[in-house]
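Below is one structure, written out as structure tokens, with a few remarks after it.
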Amino acid sequence: MSKAVIQFIILGVALILTQVVVFNHICLFNVAVPMVFIYMLVRLPITLSVNHVLTIGFFLGFVVDIFSDTYGMNTLACTIEAMMRKPILRLYVPREEDMTRPEPSMQSLGTATYLKYLLTMTFLYCSLIFIIEAFTFFNPVRLLLRIVFSTILSMALMIGIDSFMTPKSEKRL
């Protein structure tokens, strides 16, 4: 196995463990729940085939569902997110040749483009998971609050994780 594959496996295991053990038990002001395990889907190389991405998304959500006792909600949301990853990235980067590396990051996309991509992916996941969880629009204000504040909290944590994942030689000043 290559070094990159081993790093993604370690990253996936670490993100799933922290999500299940720590972040699933955090609910700020009864609305904001951090969802950081989707960072793995965000950072998958763009050159990876759709079948591989969908499989990784399915199993990522499935493992979180097993440990979180959520009955397939994360599996469905992660699979949809994996399917929408490439079209969302194409909103911000029309040609793959514009990327300096195949892995979406601040270095390869630029800070503004990467933050828009990360925000869109996080918002999509939070919208999916909370709509699936509620399965109703009975309380739309609470649903919207949960989506917005969970997106903000998750994105802030993923930016922090991204700063640890980027090698010092690639960091911008």
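As a basis for the values below, the full set of heavy atoms in this structure was taken, side chains included, without hydrogen atoms, waters or symmetry mates. Please read these numbers as outputs of a predicted model, since none were measured by experiment.
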Self-check item: For Leu11, all residues meeting side chain to side chain contact (heavy atoms under 4.5 Å, CB included), sequence neighbours excluded
Solution: Phe8, Leu15, Tyr39, Met165
Self-check item: Residue pair Ile147 / Ser127: nearest heavy atoms and the distance that separates them
Solution: CG2-OG, 3.5 Å
Quiz item: So if you build clusters from Ile, Leu, Val, Met, Phe, Trp, Tyr with side-chain heavy-atom gaps below 4.5 Å, do Ile66 and Met40 land together?
Solution: no
Quiz prompt | Single-linkage hydrophobic cluster, 4.5 Å side-chain cutoff, Phe138 and Leu143 together | solution = no
Quiz item: Should Ile46 and Lys86 count as side-chain neighbours, where that means a heavy-atom distance under 4.5 Å?
Solution: yes
Practice problem: For Val36 and Gln19, work out which heavy atoms get closest and say how close. | Solution: N-OE1, 2.9 Å
Quiz item: For Leu91, what residues pass the side chain to side chain contact (heavy atoms under 4.5 Å, CB included) criterion, not counting sequence neighbours?
Solution: none
Quiz item: Where do His52 and Leu48 come nearest, in terms of heavy atoms and distance?
Solution: CB-CG, 3.8 Å
Quiz item: Looking at side-chain heavy atoms only, is the closest gap between Phe23 and Val33 below 4.5 Å?
Solution: no
Quiz item: Out of curiosity, Leu41 CG to Thr122 OG1, how far, rounded to the nearest 0.5 Å?
Solution: 10.5 Å
Practice problem: Would you sort out whether Glu81 and Ile129 count as a side chain to side chain contact (heavy atoms under 4.5 Å, CB included), showing the intermediate values? | Solution: CA-CA 10 Å; Glu81 173 118 346; Ile129 196 70; over 6 Å; no
Practice problem: Check whether Tyr71 and Leu128 end up in the same hydrophobic cluster, where Ile, Leu, Val, Met, Phe, Trp and Tyr are linked by side-chain heavy atoms less than 4.5 Å apart. | Solution: no
Quiz item: Thr70: what forms a side chain to side chain contact (heavy atoms under 4.5 Å, CB included) with it, not counting sequence neighbours?
Solution: Asp65, Ser68, Met73, Asn74
Self-check item: same_hphob_cluster(Phe130, Phe135) at 4.5 Å side-chain heavy-atom cutoff
Solution: no
Quiz item: Between Met155 and Leu118, what is the shortest heavy-atom contact and its length?
Solution: CG-CD2, 3.9 Å
Exercise. Decide whether Thr120 and Tyr92 meet the rule of one side-chain donor and one side-chain acceptor closer than 3.5 Å.
Key: yes
Quiz item: Are Tyr125 and Cys78 side-chain neighbours, meaning at least one heavy-atom pair lies under 4.5 Å?
Solution: yes
Self-check item: Donor-acceptor contact below 3.5 Å, side chain Arg43 vs main chain Ile38
Solution: no
Quiz item: Within a strict 4.5 Å, meaning less than it, do heavy atoms of the Met106 and Leu115 side chains meet?
Solution: yes
Quiz prompt | side chain to side chain contact (heavy atoms under 4.5 Å, CB included) partners of Met84, counting only residues at least two apart | solution = Ile80, Ile88, Leu124
Practice problem: Identify the two heavy atoms, one from Tyr114 and one from Pro104, that lie closest to each other, and give their separation to 0.1 Å. | Solution: CE1-O, 3.7 Å
Practice problem: Could you pull out all residues at least two apart from Arg146 that satisfy salt bridge (Lys or Arg N to Asp or Glu O under 4.0 Å)? | Solution: Glu133
Exercise. Would you check if the side chain of Glu103 reaches a backbone N or O of Pro45 as a donor-acceptor pair within less than 3.5 Å?
Key: no
Quiz item: Under 3.5 Å, is there a donor-acceptor pair between the side chain of Tyr117 and the main chain of Leu109?
Solution: no
Practice problem: Answer yes or no: is there a donor N or O on one side and an acceptor on the other, between the side chain of Ser108 and the main chain of Ser105, under 3.5 Å? | Solution: yes
Name the atoms and distances for all side-chain donor-acceptor pairs under 3.5 Å in residues 53-63, with sequence neighbours left out.
residue, atom, partner, partner atom, Å
Thr55, OG1, Asn51, O, 2.7

Quiz item: How many angstroms lie between atom CZ of Phe37 and atom CG of Leu17, to the nearest 0.5 angstrom?
Solution: 13.0 Å
